[in-house]
Amino acid sequence: MAAVRLEDLRKEFDRGEIVAVDDLSLEIDDGEFVTVVGPSGCGKTTTLRMIAGLEEATSGSIRIGDEDVTGIGARKRDIAMVFQNYALYPHKTVFQNMEFGLRMSTKLSKAERREKVEWAASMMGIEGLLEDRPDELSGGQKQRVALGRAIVREPSVFLFDEPLSNLDAKLRTTMRAEIQRLQTELGITSIYVTHDQEEAMTMGDRIVILRDGRLQQEGAPTDVYENPTNRFVGGFVGSPSMNFVEVEALPDGEVLRLESTGGRFSYGLTKAYAVPLSEISAGRYTLGVRPEDVFLADRPGHDTVDATVEVVEPVGSDNYLYLDIADDFIARVEAGQKPSVGSRVTVTFDEESVRLFDAETGETVTGSPAVVPAP
Ligand code: ADP
Ligand code: MG
């Protein structure tokens with residue numbers, strides 16, 4: 001087991017035309033489970049490949065435990081990686097697939113290797129498959145074998161590159177839980193890459209969000225959800241996504257008046273999440289409000305916004321109401337609240353949950369209680 005530390009890690013392709021990873025610094029504690037998430041092409045796989053030693057860094061450094069491994073080959077890094085496409089040897093049996101790494105990298109006897117493979121197979125519940133070949137297995141079974149092959153070596157670090165993306169939704173849920181159980185039992189430092197924000201949020205002790213090779217934010221899932229550092233993170237984390245409306249802010253004594261661009265509404269904000277309203281200067285902002293923070297009711301002391309219901313989407317315990325306040329503006333309300341399509345409704349916002357982002361840079365203006373304590 002070991003901590004992993006990336007310092008200003010950079011990877012360029014095509015003589016610098018492509019910056020896949022842009023000076024990424026990150027510390028992962030010994031035994032921690034960190035998820036790394038971001039849209040396709042943001043540099044997740046490249047980051048993992050550099051940590052594994054499969055890709056050479058352009059600059060920056062990688063430490064595993066006490067050792068600087070930046071220039072060290074993959075075989076000497078004591079890392080096991082699990083891929084989306086399983087990467088099993090098709091002509092070897094499950095047993096041989098799992099044993100192969102041990103034969104290559106250890107001096108264990110045949111009997112000791114068998115013991116280890118059987119232990120790993122029992123961890124993954126695949127004892128009965130040891131003599132099968134990969135093409136006889138389902139996708140879920142193949143991924144269990146790939147996981148078994150990773151744990152049999154008892155590495156210092158696990159790297160997972162979208163290992164569940166090829167599985168159907170139900171199996172994915174089961175395997176998420178299995179991987180978490182495995183990680184807890186073995187206590188091995190794990191870096192888990194996915195493009196699926198829900199997977200990242202539910203699995204990680206800590207979530208790291210990348211965009212265009214750059215670190216956007218890292219933190220506990222709930223912190224990131226509640227305090228996105230910028231509009232991108234606000235929109236990326238959470239489903240349905242945070243709603244965004246372009247507004248003009250007009251400070252007016254104790255009230256911050258928000259006029260939606262296009263004149264759809266005027267909303268007087270009386271409370272703010274973190275930054276005192278008086279510190280927010282006049283200008284253009286993007287208002288961000290999560291679907292669960294939009295209420296379908298008149299509430300005393302709150303301004304209201306009138307809207308037309310465009311779509312009603314029942315999702316079991318809740319309804320998603322698409323409102324004409326902005327593009328894809330959704331209010332998440334209880335199943336009992338079901339206005340008809342085309343009807344007019346009045347909504348209010350949970351003001352302490354409303355965020356303002358700089359209209360140009362997208363950086364949060366009201367996001368972080370670390371800057372100013374919540375009132
Ligand atoms: P992700 O795993 O987040 O989808 P990748 O790390 O695979 O992203 O890719 C990051 C960026 O680097 C992308 O723009 C991708 O096209 C580019 N890239 C990755 N590998 C190579 C390569 N071998 N040669 C050139 N460009 C590459
Ligand atoms: Mg990838």
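Note that the coordinates shown come from a computational prediction; the quantities given were computed from them, not determined experimentally. Whatever order the structure lists them in is the order used to number ligands and atoms, beginning at 1.
Close N/O approach between Asp14 and ligand 1 is not found [any backbone or side-chain N/O within under 3.5 Å]. Polar contact check, Thr47 against ligand 1: no nitrogen or oxygen pair lies under 3.5 Å apart.
Ranking protein heavy atoms by distance to atom 10 (C) of ligand 1, first place goes to Gly41 O, 3.4 Å. Here the heavy atom of the protein found nearest to atom 17 (C) of ligand 1 is Ile18 CG2, 4.0 Å. Remark: minimum distance from atom 24 (N) of ligand 1 to any protein heavy atom is reached at Phe13 CD2, 3.5 Å.
Of the listed residues (Thr46, Val37, Val193), the one carrying the non-hydrogen atom nearest atom 5 (P) of ligand 1 is Thr46. If you check each of Gly213, Gly43, Gly38 against atom 8 (O) of ligand 1, the one with the closest non-hydrogen atom is Gly43. When the heavy-atom distances from atom 12 (O) of ligand 1 to Ala20, Cys42, Pro39, Ser40 are ranked, the shortest goes to Ala20.
For atom 15 (C) of ligand 1, no protein heavy-atom neighbour is present inside the 4.0 Å cut-off.
The number of heavy atoms from other shown groups lying within 6.0 Å of CZ (Arg172) is above 12.
Thr194 and Asp196 share no side-chain donor-acceptor pair at under 3.5 Å. In this model, no donor atom of one side chain and acceptor atom of the other lie less than 3.5 Å apart for Thr364 and Asn230. When only modelled atom types and interatomic distance are considered, Ser266 and Arg257 share a side-chain donor-acceptor pair under 3.5 Å. Side-chain atoms of Thr58 and Arg10 form no donor-acceptor pair, as typed in the model, at a separation below 3.5 Å.
Within the 4.0 Å heavy-atom criterion, both parts of Thr45, backbone and side chain, lie near ligand 1.
For the Mg ion (ligand 2), the N/O/S atoms of Thr45 include one lying under 2.8 Å.
Listed by first and then second residue, the side chain to side chain donor-acceptor pair (under 3.5 Å) pairs that reach into residues 118-131 are Arg114-Glu118, sequence neighbours excluded.
Two rings, from Tyr320 and Tyr322, have their centers 6.0 Å or more apart.
Phe160 and Tyr192 have tilted rings, their planes meeting at an angle from 30° to 60° on a 0 to 90° scale.
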